[in-house]
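Each remark here refers to the structure printed beneath this line.
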Amino acid sequence: MAINYALKYADKVAERFRLGSLTDIATNKDYDFLGVKSVRVYSVDTVPLTDYTRSGPSRYGNPTELVDTYQELQLTRDRAFSFTIDAGNNMDQMMAKGAAKALKRQIDEVVLPEIDRYRLNIWAGGAGAVGLLASEPDSTTIVKSISDGAVALDNALVPSEGRTIFLPATYYNLLRQSNQFLGLEKLGAKALCKGVVGEIDGMRVVKIPDFYMPVGGYFIITCADSLVAPVKLQEYKTHKDPPGINGALVEGRVYYDAFVLGSKARGIYAAAAASAACAAPSFTPVSGGAVTPGTTTIALSCATSGAAIRYTLDGSEPKTSPTAAVYSGAIPTAGWTGRCTVRAYASKAGCLNSGISTAVYEL
């Protein structure tokens, strides 16, 4: 006999995810599930300003179709668990209470840590800006390192609201010891979200275990508008007295994933060891340099030996755009008109992805 507890415990399961996750506070909730393993994420894009023309049919400029109004994303993490509850260890209410307690423990100690670590790895890899630090932060440099990250987001016009810094326990301890920073602002009763320990530069500080960070990473600053991380507990069943077991066999299945939204990579900053991350690509000619369409070619290079470069020519984020191409030689400029924006990043197995480099050429 199988008892499906998915509906009975749906609210409790959702609450455990919300209260137990260290990363859930930073994610965008503006999405809908489409079936079992897909979500549709809504966002609003912008268009550049143009000069108003006082005559003609298009006085406000040629209309530009907004892209990425919504994205349909496929969840790829389809995970499961199975355990037994012996009847001798739990006799009350046909295993219901024991199953509920076991599910809570499974979520807190196994499911959530895996999801949190996965999210942080995806977000670090998708960061639009990566600060390469020559040496590991200490109590004298940690404040500047964090401030540099905040400045990078400021310069990318990322909203101040909704920023969260994920700070490993070691660096949180260094922050507390820093002479440049006398103490984290206490949130007290307002600290309703798990892991929030204070604020710095208006950013919520979430303390995480050291091993949650990608190898070589020091901390991550995120803006909620840039991220989405859907979780769906699809199935949770208790089989009473299956063959060979006097008690209950509990089986569960969870779908989840994490994404950086198509046009929002600039809302994530990752600080990492210079030796652990790819250097950002550089351009020849440099941004703003002279380009003669059909004659000039654009060359991309990366200081990290063996790194692959992906790029776009339409201004979209190369880490997420379907138009991104692998760089294999100088980019021809035949047919280019007006303004062209080239964006690129570098990747290499065993290293964190670089930040995104941008070059703009006026033709």
Side-chain angles (χ1 to χ4, degrees), residues 14-31 39 41-43 71 73 75 77 107-108 111-131 145-146 149-150 152-154 156-169 171-172 175 184-185 187 190-214 217-232 256-272 317 319-320 352-353 355:
E15 183 180 13
R16 290 312 307 169
F17 278 115
R18 180 174 59 82
L19 295 180
S21 173
L22 291 173
T23 56
D24 201 58
I25 185 177
T27 61
N28 178 4
K29 301 299 191 298
D30 191 12
Y31 63 83
V39 292
V41 183
Y42 301 91
S43 60
Q71 296 172 266
L73 305 170
L75 279 65
R77 302 288 291 177
I107 289 173
D108 288 346
V111 177
L112 283 174
E114 176 181 305
I115 292 175
D116 282 340
R117 292 184 68 187
Y118 178 81
R119 287 174 173 175
L120 290 167
N121 275 268
I122 293 296
W123 297 342
V130 177
S145 298
I146 292 173
L153 296 187
D154 291 341
L157 303 181
V158 177
S160 298
E161 298 79 12
R163 292 187 190 179
T164 303
I165 176 170
F166 293 97
L167 197 60
Y171 302 115
Y172 170 73
L175 182 63
L184 289 174
E185 176 185 344
L187 295 184
K190 296 181 181 179
L192 301 178
C193 298
K194 185 175 177 64
V196 175
V197 293
E199 291 187 356
I200 180 171
D201 287 345
M203 301 180 292
R204 292 170 299 197
V205 178
V206 175
K207 182 172 64 171
I208 61 174
D210 288 350
F211 68 93
Y212 275 27
M213 282 294 295
Y218 295 136
F219 59 84
I220 301 173
I221 303 175
T222 66
C223 178
D225 288 344
S226 299
L227 315 170
V228 65
V231 176
K232 189 172 187 180
Y256 72 91
D257 217 318
F259 306 97
V260 176
L261 297 183
S263 59
K264 303 293 182 65
R266 60 190 175 86
I268 307 173
Y269 175 89
E317 302 282 3
K319 291 188 175 183
T320 58
L352 289 177
N353 295 339

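In this structure, the side chains of P209 and L22 come closer than 4.5 Å at one or more pairs of heavy atoms. In this structure the side chain of I146 reaches within 4.5 angstrom of the side chain of I165, judged on heavy atoms.
The minimum heavy-atom distance between R266 and E317, with the atom names listed, is N-OE2, 4.0 Å. In terms of heavy atoms, I221 sits closest to A150 at CD1-N, 3.9 Å. Pairing each heavy atom of Y172 with each of K207, the nearest pair is CD2-CD, 3.3 Å. For G267 against V158, the heavy-atom pair with the smallest separation is CA-CG2, 3.7 Å. P230 and L75 make their closest contact through CG-CD1, 3.8 Å (heavy atoms, listed as atom of the first residue, atom of the second, distance). Nearest approach of P168 to Y218, heavy atoms of both residues: CD-O, 3.0 Å.
I208 contributes atom CD1, which lies 8.0 Å from atom CG of D210 (distance to the nearest 0.5 angstrom). We find the OG1-CG distance between T222 and N28 to be 11.0 Å, quoted to the nearest 0.5 Å. Interatomic distance, CG of D154 versus CG of D201, reported as 8.5 Å (0.5 Å rounding). F219 contributes atom CZ, which lies 5.5 Å from atom OG of S145 (distance to the nearest 0.5 angstrom). With rounding to the nearest 0.5 angstrom, the CZ atom of R77 is 9.0 Å from the CD1 atom of I115. In this structure, the separation between CD on E114 and CD1 on I107 is 13.0 Å, given to the nearest 0.5 Å.
Between D24 and K29 there is a salt bridge, with a side-chain nitrogen of the basic residue lying less than 4.0 Å from a carboxylate oxygen of the acidic one.
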Where do L120 and I220 land on the side chain to side chain contact (heavy atoms under 4.5 Å, CB included) test, with the steps shown first?
-> CA-CA 8 Å; L120 290 167; I220 301 173; 4.1 Å; yes
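Of the candidates V41, V260, D257, V228 forms a side chain to side chain contact (heavy atoms under 4.5 Å, CB included) with just one, namely V41.
The backbone N or O of K264 sits less than 3.5 Å from a side-chain atom of S226, completing a donor-acceptor pair. Using a distance-only test at 3.5 Å, with no hydrogens or angles considered, a donor-acceptor pair links the side chain of K319 to the main chain of G125.
W123 and F166 have tilted rings, their planes meeting at an angle from 30° to 60° on a 0 to 90° scale.
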